[in-house]
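Below, all heavy atoms of this structure are taken into account, side chains as well, without hydrogens, waters or symmetry copies. Given the structure is predicted, the values throughout are model-derived calculations rather than measurements.
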Amino acid sequence: MYIAVEGVIGVGKTTLVRSLKEAFAAEICLEVFEENPFLALFYEDRERYAFQTQMFFLLSRYHQQRREIQDRIHRDNGSLLSDYTFDKDAIFARLNLAGDELEMYFNIHAALAEKIPQPDLVVYLKADTPVLMERIARRDRPYERDMEWSYIDALNHTYTDYFAGYSGDVLTLDTDDIDFVRSREDLNTVEDRIRQALKLAPFQSKLPLE
């Protein structure tokens with residue numbers, strides 16, 4: 001069983017994956033992003049460094065997913081939790097690239113995506129832009145300190161549009177008013193919603209977060 005958690009920067013993907021590891025007796029696969037040599041430059045000048053940043057992420061995520069996710073899925077019958085999907089980079093590309101660069105990107109992405117396993121379930125974590133900005137500020141990563149509200153808001157809309165037309169199994173959770181970091185009850189509720197979506201026992205028949 002392969003579950004991927006998705007959402008905009010700062011929504012809590014990695015935290016949730018780590019928090020659910022024990023409940024699902026799962027291995028975890030976390031996105032490697034701080035190694036991208038173009039990332040800090042991208043946040044300083046998005047137009048100039050967008051293509052380099054996107055291509056580096058695309059190839060890095062491809063190699064990680066081919067190496068880690070595919071091997072783990074075929075190795076045993078256990079569970080795997082990831083804090084991103086292979087399609088994540090394509091969501092960013094829709095916002096950051098245009099014209100010939102976007103066309104070239106999608107041609108490469110389509111060829112690589114054929115070799116990547118799809119999750120049994122994507123858990124899409126939503127939050128309003130002000131909430132995201134507060135969470136980004138709270139974790140205080142150096143290269144995110146100058147991140148613009150307008151960029152996060154545009155990315156938020158891009159994610160919403162993408163998952164509105166998503167063809168796979170997706171569970172959408174609004175995280176504005178829940179705190180699965182500090183509230184065990186909220187974390188249990190999220191776990192139950194995932195079990196319900198996957199038809200895994202045990203789960204409560206009636207749950208909040210609707």
Side-chain angles (χ1 to χ4, degrees), residues 1-31 33 61-62 64-66 68-92 94 109 113-129 131-132 135 155-210:
M1 180 181 61
Y2 170 28
I3 304 168
V5 179
E6 262 294 3
V8 183
I9 299 166
V11 78
K13 302 180 293 295
T14 305
T15 299
L16 181 60
V17 164
R18 286 175 169 153
S19 299
L20 292 174
K21 180 179 185 292
E22 183 177 350
F24 287 93
E27 291 188 73
I28 62 174
C29 177
L30 303 181
E31 178 186 10
F33 57 91
R61 289 162 178 161
Y62 170 74
Q64 184 185 23
Q65 295 226 338
R66 283 277 290 176
E68 295 188 26
I69 292 181
Q70 189 158 293
D71 287 350
R72 293 180 188 184
I73 289 174
H74 293 306
R75 187 168 62 219
D76 53 45
N77 295 319
S79 298
L80 177 66
L81 286 163
S82 177
D83 65 350
Y84 75 106
T85 65
F86 185 67
D87 286 345
K88 172 178 182 170
D89 200 57
I91 298 174
F92 278 75
R94 294 169 190 264
H109 183 278
E114 295 178 356
K115 303 177 183 179
I116 300 298
Q118 295 299 306
D120 297 298
L121 178 70
V122 175
V123 180
Y124 170 40
L125 303 180
K126 290 180 59 178
D128 289 340
T129 302
V131 175
L132 293 169
R135 292 174 183 173
L155 183 61
N156 210 1
H157 287 293
T158 303
Y159 261 88
T160 298
D161 292 343
Y162 175 80
F163 280 107
Y166 186 72
S167 58
D169 290 329
V170 58
L171 170 64
T172 300
L173 300 176
D174 191 329
T175 68
D176 281 348
D177 298 318
I178 64 172
D179 187 347
F180 46 73
V181 177
R182 297 177 179 84
S183 171
R184 183 68 201 186
E185 181 179 359
D186 285 350
L187 180 61
N188 288 343
T189 299
V190 171
E191 178 189 336
D192 282 340
R193 288 292 304 277
I194 294 172
R195 290 186 179 279
Q196 187 177 49
L198 291 167
K199 298 180 173 58
L200 296 175
F203 60 83
Q204 300 177 29
S205 58
K206 294 183 180 180
L207 295 168
L209 299 180
E210 297 293 348

Does the pair D169 and V122 meet the rule for a side-chain contact (heavy atoms from CB on, under 4.5 Å), with working shown? CA-CA 6 Å; D169 290 329; V122 175; over 6 Å; no
Can you find a pair of side-chain heavy atoms, one from [X] and one from [Y], that are under 4.5 Å apart?
X: H157; Y: Y162; result: no
X: L20; Y: L187; result: yes
X: Y159; Y: F92; result: yes
X: L30; Y: T14; result: yes
X: L80; Y: M1; result: no
X: L200; Y: F24; result: yes
X: L132; Y: N156; result: yes
X: F180; Y: L125; result: yes

Distance (rounded to the nearest 0.5 Å) between [X] [atom1] and [Y] [atom2]:
X: K13; Y: R18; atom1: NZ; atom2: CZ; value: 12.5 Å
X: I178; Y: L173; atom1: CD1; atom2: CG; value: 6.0 Å
X: S19; Y: E191; atom1: OG; atom2: CD; value: 10.5 Å
X: D87; Y: R61; atom1: CG; atom2: CZ; value: 11.0 Å
X: T189; Y: Q196; atom1: OG1; atom2: CD; value: 11.0 Å

Where do [X] and [Y] come nearest, in terms of heavy atoms and distance?
X: I3; Y: V123; value: CG2-CG2, 4.0 Å
X: S82; Y: V17; value: O-CG2, 3.5 Å
X: A90; Y: H109; value: CB-NE2, 3.7 Å
X: Y124; Y: V170; value: CB-CG2, 3.9 Å
X: A23; Y: R195; value: O-NH2, 2.9 Å
X: D176; Y: A127; value: OD1-CA, 3.1 Å

Side chain of [X], backbone of [Y]: donor and acceptor closer than 3.5 Å?
X: D179; Y: R182; answer: yes
X: D120; Y: Y2; answer: yes
X: K21; Y: L81; answer: no
X: R135; Y: V11; answer: yes
X: S183; Y: D186; answer: yes

Apply side-chain contact (heavy atoms from CB on, under 4.5 Å) to E27 and S79, showing your working. CA-CA 6 Å; E27 291 188 73; S79 298; over 6 Å; no
Would you please say whether a donor-acceptor pair under 3.5 Å links the side chains of E6 and Y166?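 No, Y166 and E6 have no side-chain donor paired with an acceptor closer than 3.5 Å.
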State plainly whether the residues K88 and E31 are in salt-bridge range, i.e. N to O under 4.0 Å.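 Salt bridge flag = yes for E31 with K88.
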Can D174 and K126 be counted as an ion pair, charged N to O under 4.0 angstrom?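 Salt bridge absent between D174 and K126.
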Is it true that atom CG of D161 has more than 12 heavy atoms of other residues, nucleotides or ligands lying nearer than 6.0 Å?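 Atom CG in D161 is packed in, count exceeds 12.
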Looking at F86, does the NZ or CZ of R66 lie under 6.0 angstrom from its six-membered ring centre and within 45 degrees of the ring axis?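 Not flagged: R66 not positioned over aromatic ring of F86.
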